[in-house]
Amino acid sequence: MGRGVITILILLSAIGLSSCLGGGTAKSTRSGSGGIVNSPSSVSEGHGRILKDNPIILSGDTGLEAGANLSLLITSQQDFITNNQFLVSDCTVFGQTVSNCIETRKDQNSSLTAANQGTWAFDANSTQFLEVNTFAHLNAVASAFHNQIIQAATLGNPGAFQNYVTAIPSTVFSSKGFWRGGKTLLSYADCGQPDNAFFSPATFSLCFGHLSALPSVLFSQDPTVIFHEAGHTMTDLAMNLRNEVNATYSTRSNLGYLFYDEAGSIGEGVADYFSYMMNSRPHFAEWALGRFLNLSRPLREDDPLHAPGLAVAEDSRLSYPTYLLYDPNNATIEIEDVHFAGQIISHYMVALTEDLETQCSMTKATAIKNVMAIYIENMAEMGDISATGNDNLSGHVNLDQANAELWIRAVTPINFRRWAQGMAKYTLRMFSQVNNCNGGSYPRDRIEKLLDSYGLLLFKNYNEDGGAEGQGHAATSTPVTATNRVRTVLIPKDLLKLDPTQNATKAFVIDKRSDMIGALQSLQSTGQVSSISNQIQSDLPFNNGNARISPGELVGVSLNLYNDSNSVMAGIQVLGNDWDHFKEKAPCNTFSDNFPLISEGAAQLTTGEGVPGGCNYTTRSNGGEAAETLAPVCFVQVATANATQWADQSVLMTNTALDSSNCLSGSGKTSDCFIRILAGADNSFHSLIKPKQTYFNSLKEKNADFQFSLSNLIFFEVSPWTPPGTTFNCRFRARYTNCDDCWNDAAFNGDDYSDFEFSGAKPYSIINFQFTVID
Amino acid sequence: MLKKVSFTFFSFLIALFVFKAYQGLQSNKDQEEVVKKGPKEWKTFHKKAKRDIASYTSTKKELSDIKVDRRSKPPVDTRIYPIRDGRRLSGPKAFDYTSTEIEISFMNDINNDWEHLAGENLLRFQPKDTKLFIKKGSSLILLKNKKARYAEEVLVTYLMPNGNQYSYNALIDSSNGNVMKTWNRTRHEFYVDKGLKFSPF
């Protein structure tokens, strides 16, 4: 009986609810200040109205206030939204349909908004309107992106009869690899996130927040911001096109792994280009970011926001590395930020678009589609965890399947050089070596000169033959014409060193307890680091803030790097991951640092190249061979009968009779028993170093408040069992993007190093950092 | 008069009935909120104090708070995976090892408590009132250099006390709950921990 009444009540309330929806709480009413009446009766079924651009552009008022009446900014023109009952759409690409590929709602707690009397017409100041706005623009980006994949696949014809070596997998459509195998992209138009928006590839969701100081300003009111965030999503898809179709791997690639790195900067620049791709307008985010935060960004050098001196001329472009720290809203300061650095990429992509328009007589729309096809090819290859880069090759990129993720994240990460080389290679394949440029070919010189005008001609060849040991030097590797390199400066690797100034510190050690707890919480919650040794106590009680390394601490270390050249050095990366520099528990001294001496404990195993097990042999599979093992960067000084010698940390463990279970990695690995580099926080990144300066002083020059960020630090775990007074040597490898000899092998006419070489010493400047652990 | 009294009494009865029904509905709803669990594959780990971590099947409300849409169905995965002993093989030449007759050298064992260990590991350094959500995915055998390791694929989501949220996928060592690898990390447009700067002096 009671249940029956409850059922009746539920039914009654359901009727009430549905009459509410149908009755038009969302029904538009003319506002006092006028504007378009966006009511169901004013549009056709399945149609609605959206903001065609952001409120600043639509109003023509650069001082438009928060809370402006958006009804004044829509036009009478209607747009098709969807014939579905809710804001859910299907994607059909090359005959393959992904049902529910995009779905939009207000936030995670809201139900899907139902159509308003069969239409999508809502008051322009309502949340439902923003949902429609978000949904429509996301669908437009997805549709454009899918057309670009079709374009790349059409030009390349992947499979056995490919037109050129294409990275697009032949099963990209049948497997629905173009859209995460058929997942639904969840999008939230007003997700409640203050001062932020985010893309979560793990949950395949997009969240558009609001400004906390002006809650009526929502990111989803600015279509350029929707395009930008969608750009991150599409980049993630492009980078994993090959991984999606591979059943033997569950992981995926990310573009950018640190607070600041060049991969992340590329991601931001490309996301800005997505805005241009959708509206052909070379400026981004005038409303949500520009009007209230002074953070809008131009995409062309003739934008009035730019500092004087920039122009659309070969010698006045926004070039690398000069403009890496450039904030167009305040050119007097310099900030290390992925958004600012990314502007070089967005400007280059716009310039390439315009050059294709001119040279190949393409419409802007066609040129954009082709630039994106080049980009998709490039990302699909670089992000390939199966390490093939193509359906018909093996070991072509990222070393091998077992190590590809490490290569993508840290060892050969996507930086401006690798990205520019890939863009050049696919432009060459798609438009220079075949007649896709209005029946002719796009001149190779133009590829190189345009990149050079942005300081991006950072490579010496197109490296078509890839990085495999077998074929990497055996096939085609078209050389760059050296005379085309005018603005791009390459610097020898040995000019990167520790500050040679007398009494200068070799490294900055951050060990303040509160700093390190904050760092650890961030590193762990964002997934940057994996497991932390159980020898490190959770509240870091040993961290004493004395800027020295002490037993039991977790410390952040930033080497005091110095640029001994007369040019700006950029994209500096210090690697602290295990590498091939030890044999039989003793350090090799066959590298450029000539350290240590035999009398100091160096290994005496010097077999010839080609014979695994010797110091002269570099592992081909990053330690995968029986006779080859990798060693941690840090080793230790131990006392012997007659002298002190450098040795593997397990020797100290034996000498101190420490049970192996007390080692930082446990008994399974004793070579990093006392000092261990935290996996995931094992490499630091530094935007640039000015000539004859240190990194720290370079950044401080125009930003007096400069302090290190997480990406500037390598994190050390220090065992509480470390005897005070013990001296360690950490043999780091460092290199940078605009390096003359960090990427090219002189032994093979300057062809790019094979991928395996990056397990060894040759491509790097070796930097030894010695310290004594004190209590 | 009698009519009037009857009508009043009848109205009162109706009102009482409706009120009781409403109460029952509310109480049922409240109860539902408290006990209604989400899908079994989700587990919540709530750090209440330094050594006090509560773990339970995530509630629907919690999943809603972290933007998990229970309504959308995962796509049908048409890929053919290499399987051994009911676990997905992952790594080079994985399809060559599907038969249990081919020997593999395992470097770890399966501990049925791996998820709890992972929860503790992932919350070890986090502040009080952090909530961690772990969604179980596939169980794997990872192959590398002719050695194998049991692992569990999971989706990790943190809900920080200040409301910030981070998600990523991870591979967890089946023996000790340690995180071996992460990917698909959330990309916030503006760096969330802006204040995280380190003075060298």
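Naming: A, B, ... by sequence-line order, numbering from 1 per chain. Because only heavy atoms are used, hydrogens play no part in the values below, and waters and symmetry mates are left out as well, while side chains stay in.
Crowding of B:K47 atom NZ: a count of heavy atoms from other residues, nucleotides or ligands under 6.0 Å exceeding 12.
Both the backbone and the side chain of A:D515 come within contact range of chain B, each with at least one heavy atom under 4.5 Å from a heavy atom of that chain. Heavy atoms of A:A547 lying under 4.5 Å from chain B are absent altogether. For a residue to count as touching a neighbouring chain, one of its non-hydrogen atoms must lie under 4.5 Å from one of that chain's; by this rule A:F204 does not touch chain B.
Formation of a donor-acceptor pair under 3.5 Å by the A:R252 side chain with backbone atoms of B:W183 is not found in this model.
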Which pairs of donor and acceptor atoms, one on a side chain in residues 83-98 of chain B, lie under 3.5 Å apart (sequence neighbours left out)?
| unit_1 | atom_1 | unit_2 | atom_2 | d |
| --- | --- | --- | --- | --- |
| B:R84 | NH1 | B:Y97 | O | 2.9 |
| B:R84 | NH1 | B:S99 | O | 2.9 |
| B:R84 | NH1 | B:I102 | O | 2.9 |
| B:R84 | NH2 | B:I102 | O | 2.8 |
| B:R87 | NH1 | B:L140 | O | 2.9 |
| B:R87 | NH1 | B:A151 | O | 3.2 |
| B:R87 | NH1 | B:E152 | OE2 | 3.3 |
| B:R87 | NH2 | B:E152 | OE2 | 2.8 |
| B:R88 | NH1 | B:S138 | OG | 3.4 |
| B:S90 | OG | A:T248 | O | 3.1 |

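A:D195 contributes atom CG, which lies 8.5 Å from atom CZ of B:F190 (distance to the nearest 0.5 angstrom). Taking CZ of A:F219 as the reference point, atom CD of B:E189 lies at 8.0 Å (rounded to 0.5 Å). Interatomic distance, B:K197 NZ to A:L710 CG, rounded to the nearest 0.5 Å: 9.0 Å.
The greatest number of non-hydrogen atom pairs below 4.5 Å with chain B, out of A:S621, A:A387, A:S538, is found for A:S538.
Among residue pairs with one or both ends in residues 113-127 of chain B, those qualifying as side chain to side chain donor-acceptor pair (under 3.5 Å) are A:Q524-B:Q126, B:H116-B:E120, B:N121-B:N178; sequence neighbours excluded.
Looking at A:F199, A:F198, A:F259 one by one, the single match for ring pair (Phe, Tyr, Trp, His ring centres under 6.0 Å) with B:H188 turns out to be A:F198.
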